[in-house]
Amino acid sequence: MGWVLGLLVSVPALAQQGEPSVDGGVTEEVPVIQTVVTASRSVERLQDTPVAVEVITRKDIEATGARDLAEALGARPGLELRRGFAGTELRVQGLSPEYTLVLVDGERVTGRLGGALDFSRFSTEDIEQVEIIRGPSSVLYGSDAVAGVVNIITRKAQRPLGATAQASLGGLWQFEADGSAELRGERAGLRLSGGFQRRDGYDLTPDTPATTGSSLEGFQVSGRGDVRVTDALRLDARAGASRQVQRGVDQGAAGALFDRASQNESQEVTLSPSWVLSPTGSLQLSGRYSRFRHRYVSDQRQSSALDQVEETREQMARVGLQLDQTLAQVHQLVVGVEAIGEALDSDRLSSPGQRGRLSLYGQDSWKTPLPVALHVVPGLRLDVDSEFGAVLTPRLAVRLEPVEALTVRASYGLAFRAPSFQEQLIDFENPSVGYVVAGNPALRPEHSRGATVSAEWRIGSRSLLWTNLFRNDLSDMITVVQDPLSPTLRFTYDNVARATVQGAEVGWKQRLPLGAWLDVGYTLIHARDLEEDRPLEGQSAHRLTTQLGLRYRPWRLEASVQGSWVGPRPYYQAPDGTARTVQAPAYATLDARLAYGVLESVRLFVAGRNLLGAGDPDYLPIPPRAFYAGLILDV
């Protein structure tokens with residue numbers, strides 16, 4: 001299948017090891033067994049997962065000082081973050097943002113704009129860990145899980161009584177403040193958190209009146225609680241709300257200036273009771289409702305001819321029931337059913353969109369009775385949608401440990417992406433340029449066939465190597481096409497594109513003396529548009545990432561440095577009707593942070609972002625070099 005060979009480092013297992021200190025003590029806490037839920041939709045040990053899972057723990061987040069999810073993912077192999085007017089979007093293994101499913105505590109997140117979610121809208125204050133699966137995962141999660149799944153696990157109360165607060169101030173007059181309070185009893189716990197952020201805009205082209213990056217002002221609040229009603233019955237609940245406003249200045253082709261403003265609001269509530277049916281079985285019911293509202297205003301200066309006011313309102317409701325059952329100690333069954341209802345109303349749509357979907361899924365993790373540890377994990381999912389009918393997505397995963405220090409995983413599966421309401425129903429006219437974009441209600445889902453092969457090699461307790469090879473073949477891809485029968489310039493959508501993405505991820509993690517650690521990763525991607533016979537636009541073939549950290553407890557000192565290098569990326573332009581290819585130059589980024597504990601519960605920190613000053617207004621509109629400092633209180 002045209003595989004590209006390579007080696008890749010896997011990081012999770014080293015997080016569980018204690019590091020000897022110079023005085024014979026240990027700089028890390030007592031090792032604990034790390035668990036994840038994303039790989040099989042049920043709790044399991046990280047080392048037992050049928051597919052490779054990358055975990056970003058709470059300690060990883062605190063060590064790097066990441067303030068939002070985008071910063072926490074910035075130096076991970078195979079992941080690429082791109083900043084635009086709508087926020088920071090994520091690409092996984094060379095595929096566009098719409099091919100990655102984003103979850104919060106296993107529930108779908110609403111609020112995609114142009115197919116992408118803004119990862120900077122997720123504050124790290126409320127994140128316990130992030131679980132990342134690369135490769136097709138529609139067998140468990142349905143639509144959109146083509147390139148992979150990112151599952152954000154929120155924090156819950158762990159201490160009898162506790163509180164945290166953090167504040168920072170830095171470049172672009174960026175101010176952030178957040179805090180939390182928690183209470184844990186014998187049978188119940190409650191955690192409340194909230195935060196506020198603001199930042200000035202920035203301009204990478206000061207010789208023009210237009211701005212590059214928008215100003216930002218927003219807040220978020222959330223609460224999570226759990227109650228053990230009886231020994232067999234447990235109830236979990238979570239609710240949250242957020243609001244974010246961005247402002248900037250645009251300049252039209254004819255020189256007209258527009259003051260733009262974008263406001264995003266979201267609310268969500270989740271309720272999830274679970275029952276222990278027997279020592280080997282459990283049942284979980286989950287219900288979630290979420291709303292998202294986007295309002296965009298473009299105000300032309302000294303005129304109202306081209307003013308725009310657009311509003312988008314999205315709602316989603318989901319109900320699910322899942323049974324986990326162990327049979328004869330060698331079969332771990334996961335069987336579930338879920339129903340999803342979606343509704344979208346927008347000024348750009350010809351009519352409101354409504355869709356319902358009923359899904360059945362099942363997976364069996366079979367531990368074979370062989371001398372070596374071998375898990376065979378077949379799975380199957382059926383989605384029946386009110387708009388496009390039925391889609392069947394199987395997957396087979398295998399996990400093998402030929403020796404104690406080596407774990408090999410392989411999987412092959414199908415995945416799909418349902419057409420969005422915008423692609424089906426958009427009705428947009430741009431009178432200043434003279435074109436029309438119309439949706440296509442007859443669109444079919446996009447399909448993919450994907451395979452991954454990964455290996456982890458543990459060298460003692462201090463080193464870990466891992467390799468991941470992947471390939472994804474996409475068909476029936478939805479793309480914009482020109483209507484040849486229209487007398488005017490009219491565009492619509494159709495299932496005509498095909499693409500192949502393949503590559504390798506390589507890395508190494510090493511524990512160093514005095515509580516230090518090093519993590520290096522390299523990604524090689526070959527992504528090609530088969531219809532146009534050219535590389536996918538904006539996708540670099542090479543990406544190198546590195547992280548160096550230190551946690552030296554005798555001095556209450558923490559330090560981290562993380563950087564990345566991204567190779568040239570092709571872009572295709574036709575300003576005068578003649579197509580030409582532009583190669584955006586390679587770039588490098590570097591971030592650093594230093595924290596010092598002045599007291600047991602008080603830490604001061606200083607940090608710098610984009611220290612190398614990367615960025616350009618056309619192909620890399622990221623914020624300029626900035627420094628900030630802050631205070632953390634944990635009692």
Side-chain angles (χ1 to χ4, degrees), residues 15-16 28-38 42-46 55-63 66-69 72 103-107 109 122-131 151-167 176-196 219-242 266-276 282 284-290 597 599-603 631-635:
Q16 304 173 32
E28 300 292 339
E29 286 78 1
V30 176
V32 295
I33 296 177
Q34 193 168 13
T35 60
V36 294
V37 299
T38 311
S42 61
V43 178
E44 61 184 338
R45 297 190 307 172
L46 177 60
V55 178
I56 302 174
T57 66
R58 182 67 199 171
K59 287 184 180 180
D60 295 333
I61 294 172
E62 292 175 349
R67 297 166 295 182
D68 56 49
L69 184 58
L103 310 170
V104 172
D105 293 328
E107 301 286 350
V109 177
F122 300 101
S123 170
T124 55
E125 162 59 28
D126 202 33
I127 298 177
E128 180 63 31
Q129 71 180 34
V130 183
E131 300 173 10
N151 190 10
I152 304 164
I153 310 299
T154 61
R155 303 173 70 182
K156 62 180 181 180
Q158 296 180 341
R159 298 180 290 178
L161 184 62
T164 62
Q166 175 174 315
E176 296 190 8
D178 53 57
S180 66
E182 62 182 79
L183 178 66
R184 165 61 63 184
E186 182 179 352
R187 304 184 69 88
L190 177 64
R191 185 178 187 275
L192 303 174
S193 65
F196 171 81
F219 72 89
Q220 69 281 332
V221 293
S222 66
R224 178 173 178 177
D226 60 270
V227 179
R228 194 169 73 244
V229 182
T230 67
D231 291 341
L233 175 60
R234 180 186 179 94
L235 181 63
D236 289 88
R238 183 180 183 273
S242 66
S266 66
Q267 303 89 34
E268 53 90 11
V269 60
T270 305
L271 188 63
S272 181
S274 58
W275 294 268
V276 177
S282 64
Q284 179 173 319
L285 174 66
S286 58
R288 175 181 170 90
Y289 174 75
S290 60
L599 297 171
E600 186 66 29
S601 58
V602 179
R603 284 182 293 162
L631 170 72
I632 301 174
L633 177 64
D634 190 350
V635 296

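In this view, A63 satisfies the side-chain contact (heavy atoms from CB on, under 4.5 Å) rule with no residue, not counting sequence neighbours. With sequence neighbours excluded, the residues satisfying side-chain contact (heavy atoms from CB on, under 4.5 Å) with L631 are V602, L604.
In this structure, the side chain of E182 engages the main chain of R159 through a donor-acceptor pair within 3.5 Å. Listed for the R187 side chain is no donor-acceptor partner under 3.5 Å among the backbone atoms of V227. A side-chain donor-acceptor contact under 3.5 Å links E131 to the backbone of V37. Checked by atom type and distance alone, the side chain of R288 never pairs as donor or acceptor with a backbone atom of E268 at under 3.5 Å. Looking at T230, its side chain does come within 3.5 Å of a backbone N or O of L233 through a donor-acceptor pair.
Going from atom OG1 of T124 over to atom CZ of R67 covers 9.5 Å, rounded to the nearest 0.5 Å. In this structure, CD1 in I152 is found 4.5 Å from CG in L69, a value given to the nearest 0.5 Å. Interatomic distance, CD of Q158 versus CZ of R58, reported as 10.5 Å (0.5 Å rounding). Atom-to-atom distance recorded for E107:CD and S290:OG is 9.0 Å, nearest 0.5 angstrom. With values rounded to the nearest 0.5 angstrom, T57 atom OG1 is found 13.0 Å from I153 atom CD1.
Here the closest non-hydrogen pair linking S242 and Q220 is CB-CB, 3.8 Å. Across every non-hydrogen atom of D178 and S123, the tightest pair is OD2-OG, 4.5 Å. Across L183 and P160, no two heavy atoms sit closer than the pair CD1-O, 3.0 Å. The shortest non-hydrogen separation linking V55 to D60 is O-OD2, 3.9 Å. Residue V36 comes nearest to Q129 through the heavy atom pair CG1-NE2, 4.1 Å, listed as atom of the first residue, atom of the second, then distance. The heavy-atom pair separating A72 from I56 by the smallest distance is O-CD1, 3.7 Å.
Taking a cutoff of 4.0 Å between a charged side-chain nitrogen and a carboxylate oxygen, D226 and R184 qualify as a salt bridge. Ionic pairing of R224 and D105 is present here: one or more N-O contacts between side-chain nitrogen and carboxylate oxygen are shorter than 4.0 angstrom. For R238 and D236, the salt-bridge test fails: no basic side-chain N is under 4.0 Å from an acidic carboxylate O.
A heavy-atom distance below 4.5 Å is not found between the side chains of E62 and I632. Using a 4.5 Å heavy-atom threshold, the side chains of V276 and D231 count as separate. The closest side-chain heavy-atom distance from S193 to R155 is not below 4.5 Å.
Residue S180 is tested with D634, T164, L192, D126 for a side chain to side chain contact (heavy atoms under 4.5 Å, CB included); the sole match is T164.
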